[in-house]
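Here is how names work: the chains are called A, B, and so on, in the same order as the sequence lines, proteins then strands, and each is numbered from 1.
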Amino acid sequence: MLDKVYTSRPVEDKWSASWRAADLFHCDPVPTTDAHSESRQGAGKPFVMVIPPPNVTGALHVGHALDNTLQDIFARYQRLLGRPVCWIPGTDHGGIATQSVMEKQLKAEKLTRQMLGREKFLARMQVWTKQCKTTILGQLERLGCALDWRREAFTMDADRADAVHEAFKVLWEKDLVYRGERMVNWCVRCGTALSDIEVEFEERKGHLWHIHYPAADGSRGPVVATTRPETMLGDTAVAVNPKDPRYQGLIGKSLRLPLAGREILVVGDEYVDSEFGTGALKVTPAHDLNDFEIGQRHKLASVAVISPDGHMTAAAGAGYEGLSREAARDKVVEDLKVAGFLEKVADYPHSVGVCYRCNQPIEPMLSWQWFVRMEELAKPASVALDSGRFRLYPDSWTKPYREWLSKLKDWCISRQIWWGHRIPVWYCVKCHGERIRTDFHQIAGARGVLSVEAPESCPVCGGIEFVQDPDVLDTWFSSALWPFSVFRWPGRTPELKFFYPTSLLVTGYEILYLWVARMQMMGLALTGEVPFPESLIHGIVRDKNGKKMSKSLGNVVDPLVMMDKYGTDAFRFSLVIQAHPGKDIPFAESSITGSRNFANKLWNSTRFVLMNLPQTKTYSLAALDRRRLELCDRWILAEYQAALSQVRQKLDAYDPAAAADALYGFLWDKFCDWYVELAKIRLQGKDEPAQETARAVLVEVLGGTLRMLHPFMPFITEELHAALKPFSGVKAAFVVEAGPPELPGDWSDVEACREMDTVMAVVTALRSLRAQLNVPPGLKIDVVSAGGSADVRELLAKRADYLTALAHLRDIRHSREGTRPAHSATAVAASMSFYVPLEGVIDLAQECGRLRREIGKAEADLAKLAIKMENKDFLARAPQAEVELARRQYDAARARMDLLQETLRMLS
RNA sequence: GGGUCGUUAGCUCAGCGGUAGAGCAUUCGCCUUACACGCGAAGGGUCGUAGGUUCAAAUCCUACACGACCCACCA
């Protein structure tokens, strides 16, 4: 017999081991002659997902738990439906993020990666990665994920390296990848260039410094306004709008740059906004994108005063060289103030671009980098979207996604770090000179040879000495190939044939552009197909105050702790039920309690059913004589059928939260609160055939509900389903192999639902009366009913057993004359009066008060309906069915009102 | 500067054209032999504001306010 309270851990461990031992989630491709034959259609069509590979930076967080729970729901659901399902596990090497983690570890040992050297550093990374993968994959298994463990992939293993090299080669051959000199986003902390989307903008407090730039002859010159005074040391011009009347005479004049003493020119450029600041803009071509462009237009010199490591260069001048950016800013401001050039300082909050990995301000920097041309790649992705070959769920993401694709700039893919796929390009030392070894990023127009290994000889000069490009590729470059690299593309593998394109991609909106869009583009460019036709984009898990979880805020929730404390199923369920399409999830620990209670409810309802199955035998609804079913059976089966269809409909529409809610409501509010209570009447009775009928329905409905719930709560449902197996007759070893719950034929039953509504309304009214009049819970009461329509009277007479059991009655009888017994309280429901004689229990004043409150509510109710019924336009224009419904509602409310008032009149 | 989404019970959120819902919290009563991680009952909302469409609006439209997020090279 099961325990009173569900203990999750042993159950989870048991089934995790069983699933693994059975290799349950492995899926083999079905060999076909043609990649797109019928095997990909109909029932045999595989359902395929690739996991968004977590970075090997540590352990999983709640966001991963949500993402993978959602995927697991679809994987298990599709398996339950009988489709071959392949869900690929894996991890991402995570480029900068992972390298940063290692660098922190090194720092603790007072080491740097440079001290170790590239080779040793990478060796350490490999060790770390191995550990981390074990942790992450273990956590995914703990979460219950139905992943095909034999197909685990890593974005930097040999197969994925092949894919990366092939992709680079194809892009190279199509001239879609190139090396060029650009202003790039440089992170001085990470020591690398970043792509545009890896820069995040943050509103930060700052100042607008107004600095006087005197004319070269010493007379008064313009005042410029800047948020970055330290860059003035690299200024090579001041720009004004040529149409600005204030500065008409100034263009072409020479100014003396304060502190530096250099002479710089005033140029006229349309870019300058006369309205902003003073209308005069200091121009630092080396450290600002716009200034760079102005510099290009006016052929200005470029003076780099900040080095790639964020310190001032020699060009900044003797007093500044070696200072950090921040220190240099303070000193420049101080020096300007002392020298009398600082005219004004204003508080000025403005947005600052920061590194998405380390939050340090980005330094725009001119350098030679590798880029992917995006225009050609974006076009097919847009077409796929517009033609419906790719859809986003919820649809609200479609527009932002489309807009993003339409204004893409080239993607900087080279990173000056060590952890990643090395760029497969080599340079001839003879052609480029020794400088290629040290000043790689400053060498213009270097011509490389595309090759994974060192080339034999230079095609230009025949030289045999080469250096490989020192950079690695953006981690997102390999991620973009993931949906096909996991199947060992470019190899023409059976897996690729059978599983690709995949079916669905589930991920959070924070990587829609970084990842989803790039997979679409790369998939189309390299395989000619959309890598997945549908993508479910969910929200992110926040803390209970709606704040993003972060280590620095200390509001991070550890999924393992939650799973230990409340059970994995409860944890999963609490995430899913809040994962409404397009919404973020405010995560509070208290919300898991509800799901934990639900798991316990499941546990106990199964316990109850098992307790009432005295002999081991198989129950089957199909074998049951349908005429033996009574009202509550017909009702619960109809409700069950509706719930199953609702759940499937919601899952098919990628709304698992609504599906979970439907299951929760059905199981708890309908099955447990009403059906089980009513089934007890027969179970505890003496009529054996009736007992058997109730048992059959209990087994059918509970068993099926457990199966439908399995994708959401895999462990407990597996356990309970197994316990029920001797009675449900299910042969399959595991729920996912048992097929979806399906009723034989149609079990909808409008009549039963209407009758049960009546019964429930009467029971509720009687319970309410008892509670309000403080009738002792142990006291069985007598009830006399009066009035009502013939069919309702007949129904209540027939199902007096229901009323007696649920409202705790001693007896209920109908009075033809409608006489109210003395000292009785009155409940009104179903257009009838229910008199409850309560001599000695009832207090007349109390009952009058109660009736007045009821009348008050009934009045408000009736008033609303009356407005509708008195509205001629409504009667004339609303649909007939609507009018009839309103009339019925009005009549019922009217009847209720009359009965209550009549009762009150009699009492007073 | 554009764009998206939100504003519903004390809290967190469903509902998205026909008398306002859930969970949690609150109050009252119950250890009723499945479950106190439970059962029954109750209180609590002019559905952000102002207009409009409609017989009918929390639900559709238009403004506005507030909030969040995304995008954008404004010193």
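- Set against B:C71, B:G18, B:C73, the side chain of A:Y271 has B:C73 as its closest nucleotide.
- The residue A:K407 sits close only to the backbone: its heavy atoms come under 4.0 Å of sugar-phosphate atoms, none of a base.
- Here the P atom of nucleotide B:G38 and the CG atom of A:N597 are 4 Å apart, to the nearest Å.
- Closest contact between the side chain of A:R607 and the listed nucleotides B:U19, B:C35, B:G23 involves B:C35.
- As a whole-Å value, the separation of A:F201 CZ from B:A68 C1' is 19 Å.
- As rounded to whole Å, 10 Å separates atom P of B:C5 from atom CG of A:D395.
- One can place CD of A:E202 at 11 Å from P of B:C69, the figure rounded to the nearest angstrom.
- As judged by a 4.0 angstrom heavy-atom cut-off over every strand, A:V676 is placed among the base-contacting residues.
- Contact annotation for A:A225: base contact, defined as any heavy-atom pair under 4.0 Å involving a base atom.
- Cation-pi geometry between A:R518 and A:W411 is met: under 6.0 angstrom from the ring centre, within 45 degrees of the axis.
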Task: Nucleotide pairing, RNA chain B (Watson-Crick or G-U, distances under 3.5 Å), in dot-bracket with [ ] and | - done: ((((((((.[[[[.)..(..]]]].(((((.......))))).....[[[[[..)....]]]]])))))))....
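- When side chains are defined from C-beta on, A:I294 counts as touching A:L281, because their heavy atoms get closer than 4.5 Å.
- In this structure, A:Y509 and A:W397 have parallel ring planes: the angle between them is below the 30° cut-off, well short of the 60° mark.
- The interatomic distance linking A:L408 (CG) with B:A72 (C1') rounds to 13 Å, in whole Å.
- Rounded to whole angstrom, the span from the CG atom of A:D673 across to the P atom of B:G38 amounts to 11 Å.
- Annotation: B:C74 and B:C5 have their C1' atoms spaced 27 Å apart (nearest Å).
- Put simply, the side chain of A:D584 never gets that close to the backbone of A:G539: no donor and acceptor are under 3.5 Å apart.
- Counting non-hydrogen atoms under 4.0 angstrom, A:W668 reaches the backbone sugars and phosphates but no base.
- A:L724 places its CG atom 14 Å from the C1' atom of B:A34, with the value rounded to the nearest Å.
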TODO: Quick one: do A:K680 and A:E677 satisfy salt bridge (charged side-chain N to carboxylate O under 4.0 Å, His left out)? Show the steps, please.
DONE: CA-CA 5 Å; A:K680 281 177 183 172; A:E677 293 307 317; 3.1 Å; yes
